[in-house]
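Here, residue 1 is the first one in the sequence, and each next residue gets the next number.
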Amino acid sequence: MKKYIFYTTGLCVAVMAFISCSDMNDMHDKYLQDGEKTYVGRVDSVRVFSGNERVLIQYWMTDPRVKTLHILWNQKRDSTVVSVPEHEPPDALEVMVGEGNGNIAEGDHTFFFYSHDGRSHRSVVFETLVNVYGDRYQATLVNRSLKGVTKSGDNELTLTWGGSSSTEETGIEIIFKHTSGEDKSEFIPIEDIGATTVIGEVDLSSPVQYRTWFKPNPDAIDRFGAPLVRVQL
């Protein structure tokens with residue numbers, strides 16, 4: 001009886017080994033039938049800077065075989081192909097998407113990157129997420145409040161401001177007519193805005209307007225302005 005059990009067990013192990021080997025051979029045969037796949041290097045890293053219906057892409061590529069970079073977004077419905085020039089591996093390369101190849105719809109987008117060598121070989125995918133801004137974001141912007149306006153006889157205008165309404169504020173633009181008759185626009189960065197702003201040589205008989213400018217994030221490539229407001233002189 002013991003010899004019989006040993007024999008049966010050994011036979012089962014042999015059958016299982018045969019089946020496993022057959023399965024492995026089937027898998028190998030499948031890949032051999034498909035042919036060996038050759039991949040080129042994908043981008044090493046990517047930085048994407050959001051803007052107004054566009055993005056600036058910085059990427060790093062070390063594989064010298066790569067000739068073009070295919071970029072897809074909008075769930076891969078939109079795409080562009082850019083040439084990858086000869087460069088030193090540490091150098092960053094740049095491409096603007098959303099200018100000349102169609103604006104990018106406002107919202108969150110996943111960008112897909114595929115490297116190609118010009119010989120039907122491509123890389124595995126590289127993905128990154130970016131938020132693109134546009135009219136919806138701009139519609140939410142509110143100007144810094146103007147608490148008071150003082151005129152003086154020598155064509156000087158003093159504007160007294162309220163506090164900032166957002167950490168995304170970058171400054172205030174004041175539009176007026178110079179006493180020489182020239183239209184002027186003066187931008188005051190956020191770090192230079194105090195309680196008051198004094199503008200000289202203003203034609204006080206002409207309209208004066210202002211608006212507050214914003215960046216949705218510190219690395220954004222575009223600023224967005226709130227609606228122009230007329231100053232009551």
Side-chain angles (χ1 to χ4, degrees), residues 23-141 166-171 189-190 213-225:
D23 289 343
M24 290 180 66
N25 288 335
D26 289 343
M27 292 175 63
H28 292 161
D29 290 342
K30 176 180 181 297
Y31 286 112
L32 289 173
Q33 289 171 7
D34 292 341
E36 184 179 356
K37 290 186 178 180
T38 301
Y39 290 98
V40 294
R42 69 175 187 172
V43 291
D44 299 298
S45 62
V46 170
R47 291 188 67 192
V48 182
F49 303 90
S50 57
N52 187 359
E53 297 184 341
R54 62 178 188 161
V55 296
L56 174 65
I57 297 172
Q58 281 187 349
Y59 65 96
W60 285 261
M61 179 77 67
T62 56
D63 190 339
R65 296 173 297 169
V66 175
K67 304 301 180 186
T68 59
L69 182 65
H70 294 210
I71 306 171
L72 301 93
W73 66 96
N74 191 21
Q75 298 180 344
K76 296 188 176 181
R77 290 192 289 264
D78 296 322
S79 64
T80 188
V81 180
V82 296
S83 298
V84 177
E86 292 186 7
H87 64 284
E88 295 298 323
D91 295 342
L93 301 172
E94 290 188 352
V95 56
M96 185 76 74
V97 178
E99 288 184 352
N101 41 27
N103 291 347
I104 303 173
E106 184 174 5
D108 292 331
H109 290 270
T110 300
F111 279 74
F112 304 89
F113 301 85
Y114 293 94
S115 308
H116 289 254
D117 66 353
R119 299 174 57 193
S120 302
H121 302 142
R122 79 173 190 182
S123 69
V124 295
V125 68
F126 184 101
E127 299 180 25
T128 190
L129 181 67
V130 64
N131 193 351
V132 179
Y133 301 90
D135 292 341
R136 292 200 306 273
Y137 171 76
Q138 188 153 12
T140 66
L141 304 179
S166 170
T167 58
E168 299 171 0
E169 182 180 330
T170 63
I190 184 70
W213 286 90
F214 301 82
K215 264 189 173 185
N217 62 68
D219 293 329
I221 58 174
D222 292 316
R223 296 184 308 162
F224 294 79

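In this structure, Lys215 does not pair ionically with Asp222, as no charged nitrogen and carboxylate oxygen lie closer than 4.0 Å.
Side chains of Val48 and Leu56 form no contact here, defined as non-hydrogen atoms less than 4.5 Å apart. The shortest side-chain heavy-atom distance between Val55 and Phe111 falls under the 4.5 Å cut-off. Annotation: side chain of Ile221 is in contact with side chain of Arg54 (closest heavy-atom distance under 4.5 Å). In this structure the side chain of Gln138 never reaches within 4.5 angstrom of the side chain of Tyr133, judged on heavy atoms.
For the atom pair CE (Met61) and OH (Tyr59), the distance works out to 6.0 Å, reported to the nearest 0.5 Å. Rounding to the nearest 0.5 angstrom, the gap separating the OG1 atom in Thr140 from the CG atom in Asp135 is 11.0 Å. With values rounded to the nearest 0.5 angstrom, Trp73 atom CH2 is found 5.5 Å from Asp78 atom CG. Note that the OG atom of Ser83 and the CG atom of Leu93 stand 11.5 Å from one another [nearest 0.5 Å]. Distance check, rounded to the nearest 0.5 Å: CD of Glu94 to CZ of Arg47 gives 10.0 Å. Residue Thr170 holds its OG1 atom at 8.5 Å from CH2 of Trp213, rounded to the nearest 0.5 Å.
Smallest separation of non-hydrogen atoms from His87 and Val84: CE1-CG1, 4.0 Å. Ser79 and Leu72 get closest at one heavy-atom pair: CB-CG, 3.8 Å. Of all heavy-atom pairs spanning Trp60 and Pro89, the tightest one is CD1-O, 4.3 Å. When all heavy atoms of Met96 and Glu99 are compared, the pair lying nearest together is CG-OE1, 3.8 Å.
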Side-chain donor-acceptor distances from residues 118-131 under 3.5 Å, at least two apart:
{"from": "His121", "atom 1": "ND1", "to": "Asp117", "atom 2": "OD2", "distance (Å)": "3.0"}
{"from": "Ser123", "atom 1": "OG", "to": "Ser115", "atom 2": "N", "distance (Å)": "2.9"}

Please walk me through it: do His116 and Lys67 pass side chain to side chain contact (heavy atoms under 4.5 Å, CB included)?
CA-CA 6 Å; His116 289 254; Lys67 304 301 180 186; over 6 Å; no
Should Phe112 and Lys76 be marked as a side chain to side chain contact (heavy atoms under 4.5 Å, CB included) after you check the CA-CA gap, both sets of side-chain angles, and the distance that decides it?
CA-CA 8 Å; Phe112 304 89; Lys76 296 188 176 181; 3.7 Å; yes
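Evaluated for a side chain to side chain contact (heavy atoms under 4.5 Å, CB included) with Ile57, the options Val82, Leu69, Val43, Val46 yield exactly one hit, Val46.
Below 30°, between 30° and 60°, or above 60°: for Tyr137 and Phe224 the angle between ring planes is above 60°, a perpendicular geometry.
Shown here are the side-chain hydrogen bond (donor to acceptor under 3.5 Å, both in side chains) partners of Arg77, two or more places apart in sequence or in another chain: Asn74, Gln75.
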